[in-house]
Protein chains: 2
Amino acid sequence: MRPVLILANAGYPVTITTEPPNWSEHAEAVLARAGHQRGGARERILAVLDRERCALTAVEIEEALRGEGTPIARASVYRVLELLLAHGLVERVAVGPGQARFESVHPDGRHHHHLVCVHCGSLVAFDDPELEAEIDRLSGRLGLPIEHHDVLLRGSCRGCCEPAAG
Amino acid sequence: MRPVLILANAGYPVTITTEPPNWSEHAEAVLARAGHQRGGARERILAVLDRERCALTAVEIEEALRGEGTPIARASVYRVLELLLAHGLVERVAVGPGQARFESVHPDGRHHHHLVCVHCGSLVAFDDPELEAEIDRLSGRLGLPIEHHDVLLRGSCRGCCEPAAG
DNA sequence: TTCGATGCAAAGAATTTGCACGCCA
DNA sequence: TGGCGTGCAAATTCTTTGCATCGAA
C-alpha cells in the first residue's frame, strides 16, 4: 500500500530559478554526438522530461505519452532512461521504496532536492544555496572528494502543515 | 551489473560514536509492548542488525544467518523488517537502484549518513553535526517542519582517492 | 543499405502474500 | 489453548532482455 506521489513543486518558499527550456535539445545533441540516431519514442520522452522537471517514474512517462495519443512501449521508456542515465542526462532519485523516479540533469549544474510529505505523500522540490555550501564544507571535513549529493527530507508540505497563515 | 557494496565504515575522519550495545533489547521491548510475541527468527535478525550497524540488505541478513548455521526464510526477513519499519526501529536507506538496505534506528536520535564510493562501490558511514545543524536551519528557511532527513553522497572513499598520505 | 530504435512478449530480480504448522505467552 | 511467528511456495511488481521489424542517416 504505497501512497501515490503527487508532484507539487509550487508554492514553497525557496524557488527554483527558471531552467533553460531546451534541455531536450541539449540531450539530443549529446546523444547525436555519441552516434545515436533519433527516434520518435525518445524524442517524446525527452519532451516529457523537459516539461515535467521533477522526478517522474517510468510508468508516469508512459502514461503521459499515452494521454497525448502517442503511446510507446514501456520497455522503450526504460531503455531510453538507461541511455540518458549513461550519458548523465537524467538522474535517478530515490524518494521511496516504490518505483524509481527520474529527472533531467541540467548542464549548468543547477539542481534541487526533495521533501516527501509524510501526510499526503506529495513531493516538493526545493533549492537551497546554503545547504549546498554546507555540503561543500562537509567534503573538506571528511577529507573526501564528493562528486554528487542527494538530500531527501521527510516532513510536511505546505498544504499539510495546517494553513494557519492562510 | 551492480557493484557489490562493501561495508567500510572505518578509517574515515568523522567517527561514529559508540552506540548503545542493546538496540536489539530496546527493539524487543518496543515490540513486546505492542503485543508481539517473540520468535527465534526475529531475535536472530535483531542480533544481526545490532551487530552490523550499517545498511544491510534482506539477502545479506539471510546469508549472515545461514552462515551462522541458523538459516531462516527470506520471507521472514522481509516480514520482520516490515514490522521493524512500522515501529520506527529500522530505516530503509536508498543507496542505489538495487536492493533496499536497512539499518537500526537508535532511540537516542543518533544517526549517520552515507557516502557511496563511485570507484569501488563501498559504503562509508559518516556523522557530521554541522550538517545536521544546517538541515535544522534549512527547515526554518523552507518554513516547513522536517521530521527526518537523509543525505547520500557519491564520491571517493579513502582507499580509492589515492593514498598519497600513506 | 546498414545499424540503431522500437514494440511485443517473455524472463529476471526483489518483494509480498496465502496458507499450514509450530511455538510462545 | 489462542494467536502470533515462521517456512514454503506462489503471486505481484518493477525492470531487463530477446528477437523481429521499422526507420534514420
Side-chain angles (χ1 to χ4, degrees), chain A residues 1-5 27-48 55-63 65-66 69-87 89-90 92-102, chain B residues 1-5 27-48 55-63 65-66 69-87 89-90 92-102:
Chain A
M1 201 184 65
R2 292 174 189 128
V4 176
L5 297 182
E28 296 261 30
V30 169
L31 295 176
R33 221 175 302 136
H36 289 276
Q37 297 177 175
R38 302 175 60 175
R42 196 167 68 206
E43 249 168 90
R44 277 173 270 146
I45 291 172
L46 290 177
V48 171
L56 295 172
T57 66
V59 175
E60 285 168 350
I61 294 170
E62 186 196 8
E63 287 173 349
L65 290 174
R66 178 171 322 157
T70 54
I72 63 175
R74 185 166 307 177
S76 297
V77 180
Y78 282 111
R79 265 187 296 229
V80 168
L81 287 173
E82 185 187 3
L83 181 68
L84 296 175
L85 280 170
H87 287 273
L89 294 165
V90 298
R92 207 188 297 252
V93 295
V95 299
Q99 301 131 293
R101 287 179 176 271
F102 301 85
Chain B
M1 199 185 65
R2 293 175 189 127
V4 177
L5 297 183
E28 296 261 28
V30 169
L31 295 177
R33 220 174 306 136
H36 288 277
Q37 297 176 175
R38 303 174 61 176
R42 196 167 69 204
E43 249 168 88
R44 277 174 270 146
I45 290 172
L46 290 177
V48 171
L56 295 171
T57 67
V59 175
E60 285 168 351
I61 293 170
E62 185 196 8
E63 287 173 349
L65 290 174
R66 178 171 322 156
T70 54
I72 65 175
R74 185 168 305 175
S76 296
V77 179
Y78 283 111
R79 264 186 298 228
V80 168
L81 287 173
E82 187 187 2
L83 181 67
L84 297 175
L85 280 169
H87 287 274
L89 294 165
V90 298
R92 206 189 298 254
V93 295
V95 300
Q99 298 132 291
R101 289 180 175 270
F102 301 86

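Values in this document were obtained by computation on a predicted structure and should not be read as measured data.
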Within this structure, what is the [atom1]-to-[atom2] distance between [X] and [N], rounded to whole angstrom?
X: B/Q37; N: D/dC4; atom1: CD; atom2: C1'; value: 4 Å
X: B/R74; N: C/dA14; atom1: CZ; atom2: P; value: 8 Å
X: B/L65; N: D/dG5; atom1: CG; atom2: P; value: 17 Å
X: B/I72; N: D/dG5; atom1: CD1; atom2: P; value: 14 Å
X: A/I45; N: C/dG7; atom1: CD1; atom2: C1'; value: 12 Å
X: B/I61; N: D/dG7; atom1: CD1; atom2: P; value: 14 Å
X: B/E43; N: C/dA25; atom1: CD; atom2: P; value: 9 Å
X: A/E62; N: D/dT16; atom1: CD; atom2: P; value: 14 Å

Considering all heavy atoms, the nearest A/A27-A/L46 contact: CB-CD2, 3.9 Å

Are the side chains of B/R42 and B/H36 in contact, using a 4.5 Å heavy-atom criterion? yes

When the nearest nucleotide of DNA chain C is assigned to B/Y78 and to A/L83 on a heavy-atom basis, which residue is associated with the more 5' position?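 The answer here is A/L83.
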
With DNA chain C as reference, determine whether A/R44 or B/H36 sits nearer its 5' end, using the nearest nucleotide of each.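 Its nearest nucleotide being more 5', the pick is A/R44.
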
Check every strand shown and say whether A/A100 touches a base, only sugar-phosphate, or nothing at a heavy-atom separation below 4.0 Å. sugar-phosphate

Within the structure shown, what part of the strands sits under 4.0 Å from B/A41 by heavy-atom distance: base, sugar-phosphate, or nothing?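 The answer is sugar-phosphate, as B/A41 gets under 4.0 Å only of primed atoms, P, OP1 or OP2.
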
First locate atom CD of A/E82, then atom CZ of A/F102, and finally report the distance between them rounded to the nearest 0.5 Å.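 Interatomic distance, A/E82 CD to A/F102 CZ, rounded to 0.5 Å: 9.5 Å.
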
Using the rule given for side chain to side chain contact (heavy atoms under 4.5 Å, CB included), can you reason through A/V59 versus A/V77, listing the C-alpha separation, both sets of side-chain angles and the distance that settles it, and then say yes or no? CA-CA 8 Å; A/V59 175; A/V77 180; over 6 Å; no

Closest approach to the side chain of A/V80, judged atom by atom: which nucleotide of D/dT15, D/dT16, C/dT6 is it?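 Output: C/dT6.
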
Take A/V80 and A/I72, measure what side chain to side chain contact (heavy atoms under 4.5 Å, CB included) needs, and give me the verdict at the end. CA-CA 11 Å; A/V80 168; A/I72 63 175; over 6 Å; no

Check whether any side-chain nitrogen or oxygen of A/R38 sits under 4.0 Å from OP1 or OP2 of D/dA24, and answer yes or no.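 For A/R38, the contact criterion (side-chain N or O under 4.0 Å from OP1 or OP2 of D/dA24) is not met.
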
N or O in side chain of A/Q99 less than 4.0 angstrom from D/dC14 OP1/OP2: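 A/Q99 to D/dC14 OP1/OP2: side-chain N or O found under 4.0 Å.
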
Under 3.5 Å, is there any donor-acceptor pair linking the side chain of B/R79 to the base of D/dG7? yes

On DNA chain D, does the nearest nucleotide to A/E82 precede the nearest nucleotide to B/G40 from the 5' side, or the other way round? Give the residue. B/G40

